[in-house]
Each structure stands twice: as C-alpha cells, then as structure tokens.
Amino acid sequence: MRCVQRSRERSNGLPEFAPFRPSRSRLVSFAFASCVVLAVGVPGTFVAQAAPVQDDSASGGTRPGQASELRLLEDFLHYLRIAKPDLAAASAQSLFETGISDAELAALVDERGLNDRVDEVLRVSRGMEGAEDLIADFESRLEQGQRDLSRDPDRVKKAVAMLVGTRRQQMLAEGRLLNAGEYAVPELLRQVIETKDPGMELAATDMLIRIKRQAVTPLGEALPMVDPASQRKISDILGAIGWPHAAPYLLALALDESASSDVRQSAMENFNRVGGGANDLSAQLTALALRYFDDEQSLVAFPGEAMNNLWSWDSFVGLVPQPVPTEVFGDIMAMRLSRDALKVNPGNGEALAVFVAANLKRENDLPADATDPVFGDNRLSPQFYATAAGTTTSSRVLGMGLDRLNTPLVRDAIAALRDTAGNANLFSGSDQQPLLECLRYPDRRVQVESALALATALPEQPFPGDFSVVPLLASAVRTGNQVFAAVVARSQEDRQVLAGRLKDMG
C-alpha cells in the first residue's frame, strides 16, 4: 500500500512525491477505521450490519438511553442462545431497570429489525430449564408493548400517511394498521371523508375493508352522523366487508325519510349484500341485541383483553372510543341496541325483555373492582326496571335465563315475579310457564325461590307441579340437623303447652 504524505520540490520545480511509511500504530488505526468488523452475537460488542431502512414514521431522533437498552437487549438474546439463563436474567433485569416501557421495548425491537431474531431465540429457548418465567415475562411485556404501540394515535396517523408512500412504506403501514384493528378506523375514516387525494381515499377505503369485522361497529355508529356523500361511501364499505351485524345500521339509513333517495337506495342495496332479511328495523336491532347479550365472540373486537370499546360520534373529532370492561361489553351493547329498538317500536315486548335481562346480567357480570362508565351512575337499579316492567316481561326474562342456564339471572327474574305476580296474572302472557320449569331447575335455591313466588301469588286453580310446592317450602326450613315445627292451636294456652313439649323434644 502506497500513500501520499508530502511533496518536495525537484530541481526542475515540479513536486516530487515520496512514499509514506506509516508507523505500526498508524497501521492499526487505519485498519480499524477501514474494515468492517462482524461480531455477531458477541455481547456488548459493536455489530456492523446492514441497518434496516427507516420508514417515515420513525421518531425524529434516538431516545436518550436507547443505545444502552439495545446493548442489554442484545446481551439478553445472546445469553439465551448460548443457554446461560442466569446471565440472560441479569441482562433482562438491567434492561427493565432502565425504565423502558412496554411500548418502547416493542419499538426498539421493531425499529432495529429484530423481530425475526427475537422470535427465533425465544422459540428455541422456551424449554430451557430456569428460563421459563423469564421468557414468559419478556414475551408478555413485548406483546403488551406491541399492542400499545400499534394503537398509539400518532403512530396510526403516520401509518395512514404511509399508505401512499413507497412500496415498502405501504407494506409497513398495512401491517401496522391491521394490528391496530378498530383503533385505526377513526383516522382511516377521516381520510375517506376529508381527503382531497384520490389515492389516499382509495388506500384508506381498501384498508377499512381489510380490517373487516372490527371496522363494522364504529362505521355503523358514524353512518347516520356524516354528510350524504360520506354516507354512500360508508354504506359501500360496509357492504364490501359483508359482515351481517352491519344490517341494522344500513336498514336504519335505508328507512330514514330525511335522507336523499340515492343514499337510501345505496343503503338498501348494501343491506341486502350483508344478508339483511325483513325490513323491520326494531326486529333487526333486537336480534343484534340478543347476539350481544349472548356474548358472541365475533362481535367483540378483542375478546381476550380486559377492556373493549363502545363507539360514538363527536361532531368535532369524529369517532370516539369508550373503553368498558369486557365482562359487561355485550350487556351494555345489548342495552343500547334494545333501547334503540324500543324507540322505533315502543310495543316491542322482546326488546324490553332484552333490555331488562341485559341490565340484570350487567350488574351480575361486572367485576368487583371495575366500574361501568355508561350505566353505572343510573339512579334506578336493574331490579327496579325488572319490577316496573311487569309480570309478562319478567316471565320472558326468566325464560331467557332458563334457556342459557344463567342461575343469577333466573333468581333475579324470580325475585321480580314474586313482587309483581298475583293469582290473576301468575301464568298470563305466554303458553310456556318458566316459573313452573324452575321447580325442576338443577339449583336448589331456584327451586325454593320459585316455590315461594308461587305460594306468594296465592293461586286459586291447580297447575302442573302444584304438588311439589309445599314439600319444597317445607324442606327449606331444615338447616343441618336442626328440626323446626309450626304450632297451630285453637287457644293461646294450647299453643304454649304444645310449644313447650316440642322444645323438650328438641
């Protein structure tokens, strides 16, 4: 290797170039600066490799401490690969002690292109003795971080902007928006409604269709609130998605006399595309409410998570999510839809029964440490609504509880019947007699409570199973090995004498 260091004047005035003879230290420095050192898998060592191309959604600069976090993450993966669970645990502990959040951990893995490597290392190390809890904890934090990251509004907005970027940006954006699911719907819908860029509108529309079922409910809530042109766009998107729980939203628009004829026609066409049946809006809403009451998993965006979203429309910001505990999500949606069904047809007895049943079930399903932000502040209790609705509705609620073997709901319905049923209306309103079915219910408390409700009503006519009421009530006064007796006497003196003898007998 010959390098030019200096020049000196020749006798003819032209510069003469002398060979440069570097010292040993200079050679070492030059070699280090000129060569690419590959040290894959060596902890704490600089790794020169092809850096992943950063997309436009990356943050403006490196977060303070990110370099040390990356080094600790590399150490963690290295020690797992060489089966050193104690050193891997130490690296993971140091990584978490930096204060890195779950979302920042997921961003670090994603932005550095480590997803495949992390998956591979965790997969081959999952059965390693002494590393099970460590790997489970890391995977849990990474999964939660990926979830939080995918739903971050700023990240969603940047991903939507990337839909009209380079092909690689489009692929990244599609993956992130599919992971975000319904959380991406507000921004995508905003682009469909507001953008002046046909390419962006087409890309956002296609993305909403690809999100499929999770986009249906928020789009349905937005449908009656936007301008006519946007209503047609949303109708077509719901029709293209094709999930049947869009039917009530589309039918409501199709029957809305204040809407323009082209909007109504579009809504009806898409109502038929999603499998809509009879044009009875109240019945459609009630049927969907029943599906939510039964907690159908296809209607819940994230069944395995603690919270799920109710959606509403705000005239300033558009779609707004309201998180509620997943345990009562179906109950709240059933109440909302059955209430809408009653607005359309106040005489819909089935919708009233669904509302009352969902309200009672909501109270039973709500976890002890959770709150209901929608109906939790209601001044009137669910039991009040059940009693005020009357005997016929309570009997329907009881039948719903029996069909689903929901014992708490059955007991609540029996309590409402005991407060409202009398001889005149005990068995009115239905050919089926759910209160009599309760006499054979597999839960003894239900048997006794139904017998008590029948006795309280003082029926004057025989009914099927009437012979079992008195034995059930008699058995209810037994507790363990204690014996009870009732004394019926003609005079107070006789009563006292008989009571004294029974007490002596135990």
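When a residue number appears, it is its place in the shown sequence, counting from 1. Heavy atoms only: backbone and side chains are in, while hydrogens, waters and symmetry mates are out.
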Query - R440: side chain to side chain donor-acceptor pair (under 3.5 Å) partners, not counting sequence neighbours - result: none
Heavy-atom closest contact ([X] atom, [Y] atom, distance):
X    : Y    : value
G401 : L409 : CA-CD2, 3.8 Å
N308 : P303 : ND2-N, 4.5 Å
A204 : Q191 : CB-CB, 4.0 Å
C438 : L402 : SG-CD2, 3.9 Å
G390 : T420 : C-OG1, 4.4 Å
V156 : S150 : CG2-O, 3.4 Å

**Report entry** Pairwise ring-ring contact (aromatic ring centres under 6.0 Å, His included) hits with a residue in residues 160-204, at least two apart
**Finding:** Y183-F302
Can you tell me if [X] uses its side chain to pair, donor with acceptor, with the backbone of [Y] under 3.5 Å?
X    : Y    : result
Q146 : A106 : no
N359 : F355 : no
N270 : S235 : yes
Q447 : L472 : no
E327 : D365 : no
T326 : M307 : yes

Classify the side-chain pair [X]/[Y] by whether it contains a donor and acceptor separated by less than 3.5 Å.
X    : Y    : answer
Y249 : T217 : no
E269 : Q265 : yes
D137 : S140 : no
R141 : Q144 : no
Q170 : E174 : no

Could [X] and [Y] be called an ion pair, given the rule that one side-chain N must be under 4.0 Å from one carboxylate O?
X    : Y    : result
R190 : E187 : yes
R126 : E132 : no
D152 : R176 : no

Can you measure from [atom1] ([X]) to [atom2] ([Y]) and round to the nearest 0.5 angstrom?
X    : Y    : atom1 : atom2 : value
L417 : S394 : CG    : OG    : 5.0 Å
R112 : Q66  : CZ    : CD    : 5.0 Å
L250 : L223 : CG    : CG    : 6.0 Å

[X], [atom1] atom: more than 12 neighbouring heavy atoms under 6.0 Å:
X    : atom1 : answer
M171 : CE    : no
D377 : CG    : no
D133 : CG    : no

Report summary line: Hits for ring pair (Phe, Tyr, Trp, His ring centres under 6.0 Å) against F76, two or more places apart or cross-chain, chain-then-number order -> F138
**Report entry** From CA spacing to verdict: side chain to side chain contact (heavy atoms under 4.5 Å, CB included), D102, L149
**Finding:** CA-CA 9 Å; D102 295 343; L149 195 65; over 6 Å; no
Query raised in the report: Which pairs count as salt bridge (charged side-chain N to carboxylate O under 4.0 Å, His left out) when at least one residue sits in residues 405-419, sequence neighbours excluded?
Result: R411-E449
**Report entry** Pairs involving residues 237-265, ordered by first then second residue, that meet salt bridge (charged side-chain N to carboxylate O under 4.0 Å, His left out) (sequence neighbours left out)
**Finding:** R232-D262
Report task. Could you walk me through whether R155 and D110 pass salt bridge (Lys or Arg N to Asp or Glu O under 4.0 Å), step by step? Result -> CA-CA 13 Å; R155 189 176 174 89; D110 183 52; 2.9 Å; yes
Which residues pass the salt bridge (Lys or Arg N to Asp or Glu O under 4.0 Å) test with [X], not counting sequence neighbours?
X    : result
E363 : none
R445 : D443
E201 : K233
D236 : none

Answer whether the closest heavy-atom distance between the side chains of [X] and [Y] falls below 4.5 Å.
X    : Y    : result
L310 : P321 : no
M128 : S125 : yes
L337 : V354 : no

Report summary line: Contacts of A413 meeting side-chain contact (heavy atoms from CB on, under 4.5 Å) (sequence neighbours excluded), chain-then-number -> V397, L398
Report task. Scan residues 310-323 for pairs that pass side chain to side chain donor-acceptor pair (under 3.5 Å), counting only residues two or more places apart or in two chains. Result -> E182-W311
Requested in this report: Any pair with a residue in residues 297-307 that passes side chain to side chain donor-acceptor pair (under 3.5 Å), sequence neighbours left out, goes on the list, sorted by first then second residue, please.
Outcome: R147-E305, R151-E305
Query raised in the report: Could you go step by step and tell me if V344 and D340 meet the side chain to side chain contact (heavy atoms under 4.5 Å, CB included) rule?
Result: CA-CA 7 Å; V344 176; D340 292 341; 5.8 Å; no
Query - Audit row: D294, K361, salt bridge (Lys or Arg N to Asp or Glu O under 4.0 Å) steps and yes/no - result: CA-CA 11 Å; D294 289 331; K361 185 171 176 285; over 6 Å; no
Report task. For side chain to side chain contact (heavy atoms under 4.5 Å, CB included), just list the numbers for L188 and I211, CA-CA rounded to whole Å, side-chain angles, deciding distance to a tenth of an Å, and then say yes or no. Result -> CA-CA 11 Å; L188 289 168; I211 292 175; 3.7 Å; yes
Query - Working for side chain to side chain contact (heavy atoms under 4.5 Å, CB included), residues D331 and L360 - result: CA-CA 9 Å; D331 303 327; L360 291 168; over 6 Å; no
Report summary line: In T98, L77, I100, the residue satisfying side chain to side chain contact (heavy atoms under 4.5 Å, CB included) with L72 is T98
